[in-house]
Amino acid sequence: MNITRIPAFTDNYFWLLSSKNNHFATIVDPGDSKPVLNTLQNEHLILESILVTHHHNDHIGGINDLKKVFPKCIVYGPDDKRIPTDICVNDNEELNLENIGAKFRVIEVPGHTSSHIAYYFDKKLFCGDTLFSCGCGRLFEGTPEQMHDSLEKIQNLPDDTLVYCAHEYTLDNIGFAKIVDPLNDLLIEKEKKVIELRDQNIPTVPSILKEEKLINPFLRYKDKVIMESVANHYKKEISNSIEVFHHTRMWKDTEYD
Ligand SMILES: [Zn+2]
């Protein structure tokens, strides 16, 4: 399977998956049709399906126009009236896209939105706005507990899973991660690498789950370092992992972004 990154808007990535044996393709979260249509045309591909992670417009805004050009294209997504799905998929469901040669597992990951899902196949995770490199999505609709549990599900995937998130937020996320976790050498190293890449306009994603577990403060809610940092900042005892996550998120939302 080929995976092509389509940059869009200021910092979105749409992921285009296509078979090496035929001309079929599927796109994850097409927020805009134009860059997708350009890529499909350049690579002589037929769009057979669309995978949606959640209802935000920068993830679904291109669907209608793509369906005008490819009327047979099937839209898969969570059960949510705000998304123009043809077929709803649920937690743990297997989604077999034979033409692309991919059998995805659907993972429900509520938190950023109430009906957010992720698609997992062959150690590749397409997780929309749930997990970013060095960060996670804001809690627009879900509770801290839901997001904590969603991130826990992701952490249970194999360490060498590649995380295909939907935004290039890494450098900004590292800025906050360094405040929570200032003595983490891996984070400082990562920042150097990311600055080098971004200076050349090279994307920093997909990231590797194993590395995220070491540098992403939003995955380290059970780690003493993060726990103590958050407790010191809020000047109270915080020991429960959901509360650690909740306070880390609040810290970024109220004092950083
Ligand atoms: Zn979103």
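In each ligand, atom 1 is the first atom listed, and ligand 1 is the first ligand listed. These numbers were taken from a predicted model, which means no experiment stands behind them. What's counted below: heavy atoms across the whole structure, side chains too, no hydrogens, waters or symmetry copies.
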Note to self: Side chains of E48 and T26: any donor to acceptor distance under 3.5 Å?
What the structure shows: no
Next item on the list: Spell out, as yes or no, whether a donor-acceptor pair under 3.5 Å connects the side chain of H167 to the backbone of F132.
Entry: no
Notebook entry, point to check: Among the N, O or S atoms that D129 has, which is closest to the Zn ion (ligand 1)?
Noted result: OD2
Notebook entry, point to check: Is the Zn ion (ligand 1) under 2.8 Å from any N, O or S atom of H116?
Noted result: no
Next item on the list: Look at the N, O or S atoms of D58, main chain and side chain alike, and state whether any lies under 2.8 Å from the Zn ion (ligand 1).
Entry: no
Margin query: Looking at the Zn ion (ligand 1), is there an N, O or S atom belonging to H112 that lies under 2.8 Å away from it?
Written below: yes
Check: Is the closest side-chain heavy-atom distance between I100 and F121 below 4.5 Å?
Finding: no
Item checked: Which atom of H56 approaches the Zn ion (ligand 1) most closely (N/O/S) -> ND1
Notebook entry, point to check: Got K178 and I188 here, is their nearest side-chain heavy-atom distance under 4.5 Å?
Noted result: yes
Margin query: Using the rule that Ile, Leu, Val, Met, Phe, Trp and Tyr join whenever any side-chain heavy atoms are under 4.5 Å apart, tell me whether W251 and V225 fall into a single cluster.
Written below: no
